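Okay, so here's the structure we're looking at.
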Amino acid sequence: MEKILEVKNLKVSYHTYAGEVQSVRGVSFTAREGETLAIVGESGCGKSVTAKTIMGLIATPPGEIKAESSILFEGKDILKQSEKEWQAYRGAKCSMIFQDALASLNPTMTIGKQILENITNHFKMPHRDAEKKAVEMLELVGIPDAVRAMRKYPHELSGGMRQRVMIAIALSGDPKLLIADEPTTALDVTIQAQIMDLMQDIQKKFGTTIILITHDLGVVADVADRIVVMYAGRIMEKGSCDEIFYGHRHPYTWALLNAAPSLDLKKKQKLMSIEGMPPDLIDPPKGCPFAARCPYCMNACVECFPPEYTLEEGHKVSCWLYHPDSGYQDIEFGREAEI
């Protein structure tokens, strides 16, 4: 599969009264045509900032995208686009589904008008044809009685229906890349499953590339082709879904997976948690950001951020444990570390 998106050394900061918050610190990854790439990590790790940068939604100021950053979409660096080019890019080439559908939809406009707005922005067609396409998009995402639903306002729909409308709006411009930022956060598990099934069906039908932003590893387990694990604005590990779930090699990935509740838990058994707090990104550590919380921390981890080691084709990890001279390349997580 060809690369449709290539993010290289992305660095994004926000300038505040307290100082410069380094939200994203040298992130690099690729997304291929027709695949689902999941970006996972704790809240505040830079997932959503990365997504908004790809969409060109970083307000400057207070935001700043560093000069050494580049984002290639179909080979073109979109960070150098003019505002007119950004307008043609958003919605038509790349669309985004936001976390809170109720906050993202305009409460004063019917959902039909909001879908039509995106269609008419990118396609020149008679109003009747645009309305027909809008109805087709609502039917595609499973909205019952789509013609009648066109006249409804966002508050008249349930949370699951509003999220379907958001997906319909995002798809109405026929984008090649769809970014879903926590699309199931406010929904119950049954509706979550329906939304994820819907996104998979749409991907199969149109061949859309999906970047799924989430902190819930359970959501990505059945849908992601590849996973990027972020922490404190950096990438800790990336690989295929099987490599991350069953062959993970970074202590943070291991801790993140173990912090998720399991059906195997015994009665009154305590849930595992990651001790400590994420670092302050106004003054981030010069070494590995997970060092202070890592049971496998070495002196090198505190002094310098590790390079990216390739374990297998496509499976990469940034951890000093895999330095050729560390002697811990075959360490088994979960056992007492003798480091």
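Because the structure is predicted, anything quoted here is derived from the model rather than measured.
Note: the hydrophobic cluster containing Met166 also contains Phe206 (ILVMFWY, side chain heavy atoms under 4.5 Å, direct or indirect links). Residues Ile274 and Leu217 share a single hydrophobic cluster, defined by chaining ILVMFWY side chains whose heavy atoms lie under 4.5 Å apart. In this structure, Phe123 is a member of the same hydrophobic cluster as Val135, with clusters built from ILVMFWY side-chain heavy atoms closer than 4.5 Å. Met150 and Met109 fall into different hydrophobic clusters, where Ile, Leu, Val, Met, Phe, Trp and Tyr side chains are chained together by heavy-atom contacts under 4.5 Å. Tyr153 and Val165 are not part of a single hydrophobic cluster, where members link through side-chain heavy atoms under 4.5 Å apart.
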Inset, instruction - With side-chain contact (heavy atoms from CB on, under 4.5 Å) as the test, would you mind laying out the steps for Lys11 and Gln22 before giving the verdict? - result: CA-CA 8 Å; Lys11 296 181 180 179; Gln22 300 176 43; over 6 Å; no
Legend entry - Ser70 and Asp77: CA distance, side-chain angles, deciding distance, side chain to side chain donor-acceptor pair (under 3.5 Å) verdict: CA-CA 6 Å; Ser70 69; Asp77 192 346; 4.7 Å; no
Inset, instruction - Evaluate the criterion side-chain contact (heavy atoms from CB on, under 4.5 Å) for residue pair Glu6 and Ile71; output intermediate values, then yes/no. - result: CA-CA 6 Å; Glu6 192 169 2; Ile71 300 176; over 6 Å; no
Legend entry - Steps toward side-chain contact (heavy atoms from CB on, under 4.5 Å) verdict (Met298, Leu321): CA-CA 8 Å; Met298 301 181 288; Leu321 290 173; 4.0 Å; yes
Inset, instruction - List the steps, then state whether side-chain contact (heavy atoms from CB on, under 4.5 Å) holds for Ile39 with Phe29. - result: CA-CA 10 Å; Ile39 303 179; Phe29 62 87; 3.9 Å; yes
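Using modelled atom types, no side-chain atom of Asp129 and backbone atom of Met125 make a donor-acceptor pair closer than 3.5 Å. The main-chain N or O of Lys8 is never found under 3.5 Å from a side-chain atom of Ser28 such that the two would form a donor-acceptor pair. For the pair Arg25 (side chain) and Gly233 (backbone), a donor-acceptor distance under 3.5 Å is absent. Judged by distance alone, the side chain of Arg226 and the main-chain N or O of Thr30 form a donor-acceptor pair under 3.5 Å. With hydrogens and angles disregarded, no donor-acceptor distance shorter than 3.5 Å links the side chain of Trp320 to the backbone of Cys288.
When every heavy atom of Trp86 is checked against every heavy atom of Thr53, the shortest pair comes out as CH2-O, 4.2 Å. Taking every heavy atom of both residues into account, Asn9 and Glu68 meet most closely at ND2-CG, 3.4 Å. For the pair Ile58 and Gly63, the tightest heavy-atom approach, listed with the atom from each and the gap, is CG2-CA, 4.0 Å. Across all their heavy atoms, Ile235 and Phe305 have their closest contact at O-CZ, 4.3 Å. Scanning both residues, Ala134 and Ile115, for their nearest heavy atoms gives CB-CG2, 3.7 Å. Of all heavy-atom pairs spanning Cys94 and Ile179, the tightest one is SG-CD1, 3.8 Å.
Salt-bridge annotation for Glu2 and Lys176: absent, with no side-chain N of the basic residue lying under 4.0 Å from a carboxylate O of the acidic one. Taking 4.0 Å as the cut-off between side-chain N and carboxylate O, Lys133 and Glu131 do not count as a salt-bridged pair. A salt bridge between Glu237 and Lys316 is absent, with no side-chain N of the basic residue lying under 4.0 Å from a carboxylate O of the acidic one. Look at Arg151 and Asp145 and you find no salt bridge, because none of the NZ, NE, NH1 or NH2 atoms lies under 4.0 Å from a carboxylate O. Ion pairing between Glu85 and Lys76 holds under the 4.0 Å rule for side-chain N and carboxylate O. Salt-bridge check for Glu139 with Arg164: failed, with every basic side-chain N at 4.0 Å or more from each acidic carboxylate O.
The closest side-chain heavy-atom distance from Ile169 to Leu105 is below 4.5 Å. Side-chain contact between Arg32 and Ile4 is absent, with no heavy-atom pair separated by less than 4.5 Å. Taking the side chain as every heavy atom from C-beta outward, Thr310 and His315 never approach each other to under 4.5 Å. Looking at heavy atoms from C-beta onward, Ile227 lies in side-chain contact with Phe245 at the 4.5 angstrom threshold. Under the 4.5 Å side-chain criterion, counting only non-hydrogen atoms from C-beta, Ile54 is in contact with Ile211. Between Ser69 and Leu79 there is a side-chain heavy-atom pair separated by less than 4.5 Å. Counting heavy atoms from C-beta outward, Pro144 and Met161 have side chains that approach closer than 4.5 Å. Looking at heavy atoms from C-beta onward, Arg90 lies in side-chain contact with Leu57 at the 4.5 angstrom threshold.
Between Tyr252 and His250, the angle of the ring planes goes over 60°, which puts this pair in the perpendicular group of the 30/60° scheme.
If you run side chain to side chain contact (heavy atoms under 4.5 Å, CB included) between Asp225 and each of Leu37, Thr36, Val220, Ile210, only Thr36 comes through. Partner Glu308 forms a salt bridge (Lys or Arg N to Asp or Glu O under 4.0 Å) with one of Arg249, Arg234, Lys238 and no other, that one being Lys238.
Taking a 6.0 Å sphere around CG of Asn299, one finds it holds 12 or fewer heavy atoms contributed by other residues, nucleotides or ligands. Other residues, nucleotides and ligands place more than 12 heavy atoms under 6.0 Å from the CG atom of Asp197. Crowding of Glu83 atom CD: a count of heavy atoms from other residues, nucleotides or ligands under 6.0 Å exceeding 12. Under a cut-off of 6.0 angstrom, the local environment of CG in Asp201 is crowded, with over 12 non-hydrogen atoms contributed by other residues, nucleotides or ligands. Counting non-hydrogen atoms of neighbouring residues, nucleotides and ligands closer than 6.0 angstrom, the NZ atom of Lys66 exceeds 12 such neighbours.
From Leu178, atom CG reaches atom CD1 of Ile97 across 4.0 Å, with rounding to the nearest 0.5 Å. To the nearest 0.5 angstrom, Leu177 atom CG is 6.0 Å from Thr209 atom OG1. In this structure, Met236 CE and His248 NE2 are separated by 15.5 Å, a value rounded to the nearest 0.5 Å. To the nearest 0.5 Å, atom CD1 of residue Ile213 and atom CE of residue Met230 are 8.5 Å apart. For the atom pair OH (Tyr14) and CG (Leu281), the distance works out to 12.5 Å, reported to the nearest 0.5 Å. Once rounded to the nearest 0.5 Å, the distance linking CG of Asp222 with CD of Gln200 reads 7.5 Å.
In the model, His15 has a side-chain atom that pairs as donor or acceptor with a side-chain atom of Glu64 under 3.5 Å. Under 3.5 Å, the side chains of Ser13 and Glu20 contain a donor-acceptor pair of N or O atoms. Residues Asn118 and Ser172 have side chains that bring a donor and an acceptor to within less than 3.5 angstrom of each other. Inspection of the Glu42 and His215 side chains reveals no N or O donor paired with an N or O acceptor under 3.5 Å. When only modelled atom types and interatomic distance are considered, Asn106 and Thr108 share a side-chain donor-acceptor pair under 3.5 Å.
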